[in-house]
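Because the structure is a prediction, the values reported are computed rather than measured.
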Amino acid sequence: MTTRLGVTVSHEATHTLVTLTGELDVISGERLRTVLGKLREEGGTRLVVDTSELTFCDSMGLRLLLEAHDRAVEAGGFMKLAGVRGVFRRILTVTGLHAAFPIYETVADALAALDD
């Protein structure tokens, strides 16, 4: 089975970088749910999610990201979105969810604000 969503995880000293490529939807989202669940089990609560190559996100994808954000914050961490643009930015804006996430233009900007 071919997945339309690429998920790459990079563990750094101060955070975990999760890079998403392709389409995040009800079908492909299960892959991200699994990755985020494993990170949570490992104590990963300081997440930077690079969405610069995310080409689509449906309502289930939004819900998944919001749940992951809430869990990270409840555990004393964070989830910052970086590289939000195009259709994904529009979806966040139209739904009002842009206010729910810390959003940065680039991963470098998100990393510069790690202690904010």
Side-chain angles (χ1 to χ4, degrees):
M1 182 172 128
T2 304
T3 182
R4 297 175 306 209
L5 179 68
V7 181
T8 306
V9 175
S10 175
H11 298 281
E12 307 297 333
T14 59
H15 65 283
T16 299
L17 177 63
V18 179
T19 303
L20 305 179
T21 58
E23 299 179 3
L24 175 56
D25 60 24
V26 68
I27 296 168
S28 65
E30 195 55 41
R31 180 162 189 235
L32 180 58
R33 182 183 312 279
T34 299
V35 168
L36 292 173
K38 184 176 181 200
L39 288 174
R40 187 175 61 250
E41 289 172 7
E42 296 170 350
T45 60
R46 295 173 53 93
L47 306 174
V48 175
V49 180
D50 181 2
T51 65
S52 60
E53 298 296 322
L54 190 64
T55 58
F56 177 79
C57 183
D58 71 3
S59 60
M60 290 302 291
L62 287 175
R63 181 177 178 177
L64 177 62
L65 291 171
L66 189 58
E67 288 172 353
H69 170 270
D70 292 348
R71 281 192 215 105
V73 170
E74 288 171 5
F78 57 76
M79 187 174 93
K80 300 174 183 286
L81 299 180
V84 177
R85 53 182 60 95
V87 173
F88 185 48
R89 179 176 287 279
R90 180 172 162 82
I91 291 168
L92 286 175
T93 302
V94 168
T95 60
L97 288 174
H98 67 284
F101 297 97
I103 297 175
Y104 299 88
E105 284 297 314
T106 67
V107 170
D109 292 339
L111 297 179
L114 278 183
D115 293 322
D116 291 350

Give the table of side-chain donor-acceptor pairs shorter than 3.5 Å for residues 39-49, with sequence neighbours excluded, one pair per line with atom names and distance.
unit_1: R46; atom_1: NE; unit_2: T14; atom_2: O; d: 2.7
unit_1: R46; atom_1: NH2; unit_2: T14; atom_2: O; d: 3.3

Any chance you could measure L65, atom CG, to L24, atom CG, to the nearest 0.5 Å?
5.5 Å
Exceeds 12 heavy-atom contacts within 6.0 angstrom, atom CZ of R63:
no
Looking only at heavy atoms, which two atoms of A72 and M79 are closest? And how far apart?
CB-N, 4.4 Å
Is the shortest heavy-atom distance from the side chain of C57 to the side chain of V87 under 4.5 Å?
no
Would L62 and F88 satisfy side-chain contact (heavy atoms from CB on, under 4.5 Å), going step by step from the backbone distance to the final call?
CA-CA 9 Å; L62 287 175; F88 185 48; 3.9 Å; yes
Given the rule that I, L, V, M, F, W and Y join up when any side-chain heavy atoms are under 4.5 Å apart, are I103 and V18 in one cluster?
yes
Heavy atoms from other residues, nucleotides or ligands near CD of E53 exceed 12 (cutoff 6.0 Å):
no
Looking at G22, is its backbone amide N or carbonyl O close enough to the side chain of R4 to form a donor-acceptor pair, meaning the two atoms are under 3.5 Å apart?
no
Please find the pair of heavy atoms, one from P102 and one from H69, that lie closest to each other, and give the distance.
CD-NE2, 3.9 Å
Taking NZ, NE, NH1 and NH2 as the nitrogens, is one of them in E30 or R33 under 4.0 Å from a carboxylate oxygen of the other?
yes
Only one of L32, T8, T55, D50 clears side chain to side chain contact (heavy atoms under 4.5 Å, CB included) with L20; which?
L32
To the closest 0.5 Å, what do you measure between CZ (R71) and CG (L66)?
10.0 Å
Kindly indicate, with the supporting measurements, whether the criterion side-chain contact (heavy atoms from CB on, under 4.5 Å) is fulfilled by V9 and L17.
CA-CA 6 Å; V9 175; L17 177 63; over 6 Å; no
Using side-chain contact (heavy atoms from CB on, under 4.5 Å), reason through L81 and L92 one step at a time and then give a plain yes or no.
CA-CA 11 Å; L81 299 180; L92 286 175; 4.1 Å; yes
Flag, side chain of T21 to backbone of L54, donor-acceptor distance under 3.5 Å:
no
Is a side-chain donor or acceptor of D58 paired with a backbone partner of V26 at a separation under 3.5 angstrom?
yes
Atom of H98, atom of T93 and distance for their closest heavy-atom approach:
ND1-CA, 3.6 Å
Could you walk me through whether F78 and L114 satisfy the side-chain contact (heavy atoms from CB on, under 4.5 Å) test, starting with their C-alpha distance in whole Å, then the side-chain angles of each, then the deciding distance to 0.1 Å, before giving a yes or no?
CA-CA 9 Å; F78 57 76; L114 278 183; 3.4 Å; yes
Quick one: do M60 and F56 end up in the same hydrophobic cluster if we chain Ile, Leu, Val, Met, Phe, Trp and Tyr together by side-chain heavy atoms under 4.5 Å apart?
no
